[in-house]
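Note sheet for the following structure.
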Amino acid sequence: MPSRGYIGIPFMGAMNAGISSNSISSDYLADIVDNSSSADYFTSDKFINQLKHDNHLNISVANDLLSAGWYADKGFWNVNLSVRVDADANIKRDVFEFIRASRGLSDQSWANANLHTDGFRAKVSSYMEAGVGYARPFGERLVLGAKVKLLFGIADIDAKVEDVTMKTNLRGIAPNQDWSTITDEQLKRVKGKAVIRSRASLRGSMTGLSLATDRNNYVDDIERSGSIGFAGYGIGADFGATYKLGHDVTLSAALLDLGFISWGKSNTVSSSSDVERVYDFDGVHAGEHREEFRKTMESGEIFNSDLWNLKGQESKTRTTSLRTTMVLGAQYKLLDDKLTLGALSTTRLGEVNTQAELTLAGNYSFNRHIGVALSYSMLQSQGKGLGLGLKLGPVTLATDYMYFGKDSRTVSALVGISIPIGSRHESSL
């Protein structure tokens, strides 16, 4: 429990953002998120050599629009209005190998190519939460707390590609032709057939969301119109406890973001595929099929709807879960409580990725208004998990993962400004 109440500066009470990957360095993260059709970062040997079989990407942004906390008798109340955006992706290495092949960077010839990818899973969710929390001591050692949150869903997009297989039997084309540079004259000389089999799904919820289709009724893009509103509603909860083993040692545990959001049918779109699409370069529609195949193959997009061959389905109400986080901690105070040493285990459970982290930290308070913290997180950062925090009166600046140049795989930042209110509670645990 904090020693005093507080009022967060509107829109600046606590702003934090982080991006992390188990394999992909920050030099390439912007290119992946941008998902441009003209991208070529995957042609770099440096990029492909750093990939693992499963490549995780996690982005999290949160901002307290309004927040406050205060003591009432022995208990501590807090309220907040916050907005959050979470994005998770698990991209198989063979997705990038597949795209590299389309640029001619494969040992397979287009005369008899057989390319396959197990695909990826990606999920983006955004919502606003309004929470009320309460904590109080039970005896001299134990503190229990809980928060109930109303959730207002803004958007949720879930894309899953289970399998894409492409087989070609082409003539009149260079064995390692780059489809992004093939000319119209070269394209006209291509004969034979290509077959793409895909199994994928795309579901999304957001006000004004719709699926755009091409002339063959395949999903070509996701479109949105009108103003942004709430497309779903739900409820969440946090639970926490601390226990003092003695004057200097405290153990803590918390379970955060238990809950769900139910998204309305009218604000939801759905599509899927389990089809085999044939491109015949010899038949009466050869010209059309050549152009469609080139459009599919020349793209540098990971999220390439032309490759998935999705078709729209009837929309249904859907329910999604929050990314629940489990936290276990221990701290030891010394030097008249000026120095605090601690360890923190954090496990974030997601539908796409599960992240675990173990952090060792030290915090020194020069006085009630100035303090500095140093931490080291050892699991997610590939040896570069150095963190730094600084408290200057009402201002807090911190990072769990400092930026160490283009090879950094995990980076985070937090800025918070809050005004203390009320008298100090020296006996708070």
Side-chain angles (χ1 to χ4, degrees), residues 1-6 14 16 67 69-78 80 131-148 236-258 324-349 354-381 385-391 396 398-401 412 414 416 418 420 422-429:
M1 294 171 64
S3 60
R4 298 180 66 179
Y6 66 89
N16 64 79
S67 61
W70 65 93
Y71 275 93
D73 195 14
K74 294 183 178 181
F76 186 81
W77 291 89
N78 68 88
N80 73 289
V132 178
Y134 179 74
R136 64 159 294 163
F138 293 84
E140 297 183 354
R141 296 179 180 271
L142 178 65
V143 174
L144 298 178
K147 175 179 279 190
V148 176
D238 300 336
F239 301 96
T242 64
Y243 185 79
K244 297 195 74 170
L245 292 179
H247 176 73
D248 300 322
V249 179
T250 302
L251 303 180
S252 61
L255 202 57
L256 309 176
D257 295 328
L258 285 168
T324 300
T325 301
M326 181 174 63
V327 182
L328 299 173
Q331 67 175 34
Y332 176 68
K333 290 187 176 183
L334 58 162
L335 300 181
D336 294 327
D337 293 348
K338 288 187 176 182
L339 177 63
T340 301
L341 302 177
L344 191 69
S345 170
T346 306
T347 303
R348 195 171 192 184
L349 307 173
T354 293
Q355 290 178 283
E357 185 59 280
L358 180 62
T359 302
L360 304 178
N363 176 76
Y364 187 82
S365 297
F366 295 94
N367 52 49
R368 295 177 179 177
H369 308 289
I370 301 176
V372 62
L374 189 66
S375 67
Y376 180 72
S377 300
M378 56 187 68
L379 301 183
Q380 295 291 327
S381 60
L386 186 63
L388 184 64
L390 181 64
K391 175 178 171 54
T396 299
T399 173
D400 289 329
Y401 304 94
S412 71
L414 179 146
S418 60
S423 59
R424 296 183 63 86
H425 282 242
E426 300 291 352
S427 61
S428 60
L429 298 180

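Both backbone and side-chain heavy atoms feed into the values below; hydrogens, waters and symmetry mates do not.
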Legend entry - Check: His369 main-chain N/O paired with Asn367 side-chain donor or acceptor under 3.5 Å: yes
Legend entry - Distance (rounded to the nearest 0.5 Å) between Arg141 CZ and Lys244 NZ: 9.0 Å
Inset, instruction - Applying side-chain contact (heavy atoms from CB on, under 4.5 Å), run through Val143 and Phe138 and close with a yes or a no. - result: CA-CA 6 Å; Val143 174; Phe138 293 84; over 6 Å; no
Legend entry - Set of side-chain contact (heavy atoms from CB on, under 4.5 Å) partners for Asn16, sequence neighbours left out: Ala62, Leu414
Inset, instruction - Starting at CG of Leu374, measure out to CG of Leu360 and round the result to the nearest 0.5 Å. - result: 10.5 Å
Inset, instruction - Go through the structure and list residues passing ring-ring contact (aromatic ring centres under 6.0 Å, His included) with Tyr364, not counting sequence neighbours. - result: Phe366
Inset, instruction - Using side-chain contact (heavy atoms from CB on, under 4.5 Å) as the criterion, list what pairs up with Tyr376, not counting sequence neighbours. - result: Met378
Inset, instruction - Tell me, please, which residues at least two apart from Ala146 pass side-chain contact (heavy atoms from CB on, under 4.5 Å). - result: Phe239
Legend entry - For Arg368 against Lys391, the heavy-atom pair lying closest together: O-CE, 3.9 Å
Legend entry - Separation between OG1 of Thr347 and CG of Leu328, rounded to the nearest 0.5 Å: 7.5 Å
Legend entry - Arg136 side-chain N/O to Lys74 backbone N/O, donor-acceptor pair under 3.5 Å: no
Inset, instruction - Applying salt bridge (Lys or Arg N to Asp or Glu O under 4.0 Å), name anything that partners Arg348, two or more places apart in sequence or on another chain. - result: Asp86
Legend entry - Listed partners of Lys147 passing side chain to side chain donor-acceptor pair (under 3.5 Å), at least two apart: Asn78, Asn80
Inset, instruction - For the residue pair Met1 and Pro137, establish whether any side-chain heavy-atom pair is separated by less than 4.5 Å. - result: yes
Inset, instruction - Quick one: list whatever passes side chain to side chain donor-acceptor pair (under 3.5 Å) with Thr325, sequence neighbours left out. - result: none
Legend entry - Partner residues of Phe76 under the ring-ring contact (aromatic ring centres under 6.0 Å, His included) criterion, sequence neighbours left out: Tyr71
Inset, instruction - Mind listing the closest non-hydrogen atom pair of Thr399 and Ser412 along with its distance? - result: OG1-O, 2.5 Å
Inset, instruction - Please report the C-alpha distance between Leu256 and Thr324 in whole Å, then the side-chain angles of each, then the deciding distance to 0.1 Å, and finally whether the side-chain contact (heavy atoms from CB on, under 4.5 Å) criterion is met. - result: CA-CA 6 Å; Leu256 309 176; Thr324 300; over 6 Å; no
Legend entry - Derivation and outcome, side-chain contact (heavy atoms from CB on, under 4.5 Å), residues Leu344 and Thr346: CA-CA 6 Å; Leu344 191 69; Thr346 306; 4.0 Å; yes
Inset, instruction - Please report the C-alpha distance between Asn363 and Ser365 in whole Å, then the side-chain angles of each, then the deciding distance to 0.1 Å, and finally whether the side-chain contact (heavy atoms from CB on, under 4.5 Å) criterion is met. - result: CA-CA 7 Å; Asn363 176 76; Ser365 297; 3.6 Å; yes
Inset, instruction - Answer yes or no: is there a side-chain heavy-atom contact under 4.5 Å between Tyr243 and Thr250? - result: no
Just list the side-chain donor-acceptor pairs under 3.5 Å for residues 330-340, sequence neighbours left out, or say none.
none

Legend entry - Non-neighbouring partners of Thr359 that pass side chain to side chain donor-acceptor pair (under 3.5 Å), sequence neighbours left out: Ser377
Legend entry - Set of side-chain contact (heavy atoms from CB on, under 4.5 Å) partners for Ser252, sequence neighbours left out: Thr242
Inset, instruction - Please list, chain by chain and in numerical order, all residues satisfying salt bridge (Lys or Arg N to Asp or Glu O under 4.0 Å) with Asp257, sequence neighbours excluded. - result: Arg84, Lys149
